[in-house]
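Remember, it's 1-based here, ligands and their atoms both numbered in the order they're listed.
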Amino acid sequence: MASQAQPDLTNASPAHGARHVAIIMDGNGRWAKKRLLPRIAGHRAGVEAVRRVARAARDLGLECLTLYAFSSENWKRPANEIADLMGLLRHFIQADLDEFHANGVRLRVIGDYRALEPSLVDLIERAVTRTAANSGPIIAIALNYGAQDEMLRAARHLAEKAAAGRIDPNEIGVEHIDAALDTADLPPLDLLIRTSGEQRLSNFMLWQAAYAELYFTDMLWPDFDERALAKALDAFRMRDRRFGGL
Ligand code: FPP
């Protein structure tokens, strides 16, 4: 994140009312193809969009921005593209961590990131630890993330507790599942954005999206910016959220 002023605390209750926005960042490959560039160029431009949007999230008073950077299904991509994505992630953390920290950002990760390359796991954990005591917005990066895998891990965790007699299966409620998910201490998800015109959730935050508003835009991820985020939040503000009531 480029050097910016400290978070504007007067903006703590922004008019849009959203606390947590998540984004399925889609369309890097198509962005590159339109320009006759290799796919890596699209991913590089995608990282620039991440920087812009992380900054905008803070300026717009969000408490949490979750970004789908690498899904548990992305391992099906060619090895060189996976290596490119991991390289970009590594460089992003190395290059931007000081700025994030200076701006009070708390970096978090959701997903089974421990399956990544050990030195990358170490880099991620050091970045998360270094920023953990900050009080600004959370930037949560979804890495090796799949919602079904997240729910499976939560189910196993609860089953183990039940088998050990530490929880009564009949007492298990929504709050126990919430607490067993990777997002346990993140605010409830308000708005889920997907770029590039696709209208599906692709195994992203399926449990958390139960009452989230969905927003789809044709814009390709590398073109997404602060104005696009503000537009999505404007649309969110106009939605009538009833959570099953009247
Ligand atoms: C989808 O575009 C995008 C991804 C699979 C990866 C998203 C990754 C980044 C934005 C860069 C790395 C992120 C961080 C946080 C440093 P696609 O390749 O599926 O595009 P296509 O559908 O047009 O081919």
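A salt bridge links Arg51 with Glu48: the closest approach of a Lys/Arg side-chain nitrogen to an acidic carboxylate oxygen falls below 4.0 angstrom. The pair Asp234-Arg227 does not meet the salt-bridge criterion, since no charged nitrogen lies less than 4.0 angstrom from a carboxylate oxygen. A salt bridge links Arg194 with Asp26: at least one charged nitrogen is closer than 4.0 Å to a carboxylate oxygen.
Near His43, the atoms of ligand 1 lying under 4.0 angstrom from a non-hydrogen atom of the residue are 11 (C), 18 (O). Close approach to Phe92 involves these atoms of ligand 1, each under 4.0 Å from a residue heavy atom: 16 (C). Ligand 1 places these atoms under 4.0 Å from at least one heavy atom of Asn74: 5 (C). Short contacts between ligand 1 and Trp221, defined as distances under 4.0 Å to a heavy atom of the residue, involve ligand atoms 10 (C).
Side-chain N/O atoms of Glu81 and His43 include a donor and acceptor closer than 3.5 Å.
Look at Leu67 and you'll find every heavy atom at least 4.0 Å from all atoms of ligand 1. At least one heavy atom of Gly27 lies less than 4.0 angstrom from ligand 1.
In terms of heavy atoms, Met219 sits closest to Phe224 at SD-CA, 3.7 Å. Nearest approach of Pro137 to Leu62, heavy atoms of both residues: CB-O, 3.5 Å.
Inclusion of Gly29 in the set of residues having an N or O under 3.5 Å from an N or O of ligand 1 is warranted. Inclusion of Asp26 in the set of residues having an N or O under 3.5 Å from an N or O of ligand 1 is warranted. At under 3.5 Å, a nitrogen or oxygen of Asn28, whether backbone or side chain, sits near a nitrogen or oxygen of ligand 1. The distance criterion of under 3.5 Å between nitrogen or oxygen atoms is not met by Trp31 with respect to ligand 1.
Of the options Leu116, Leu120, Ile124, a side-chain contact (heavy atoms from CB on, under 4.5 Å) to Arg90 is made by Leu120 and by none of the others.
Criterion: ILVMFWY side-chain heavy atoms under 4.5 Å apart, direct or through other members. Under it, Leu158 and Leu206 are part of a common hydrophobic cluster.
In terms of modelled atom types and a separation under 3.5 Å, the side chain of Asn28 and the main chain of Arg39 share no donor-acceptor contact. Without hydrogens or angle criteria, Arg153 side chain to Leu181 main chain gives no donor-acceptor distance under 3.5 Å.
In terms of protein heavy-atom proximity, atom 12 (C) of ligand 1 is closest to Val47 CG2, 3.9 Å. Of all protein heavy atoms, the one closest to atom 24 (O) of ligand 1 is Arg39 NH1, 3.0 Å. Taking atom 22 (O) of ligand 1 as the reference point, the nearest protein heavy-atom neighbour is Arg30 NH2, 2.9 Å.
Among Glu48, Met25, Arg77, Arg44, the residue whose heavy atom lies closest to atom 17 (P) of ligand 1 is Arg77. Counting heavy atoms only, Ala69 comes closest to atom 7 (C) of ligand 1 of the residues Gly197, Ala142, Ala69.
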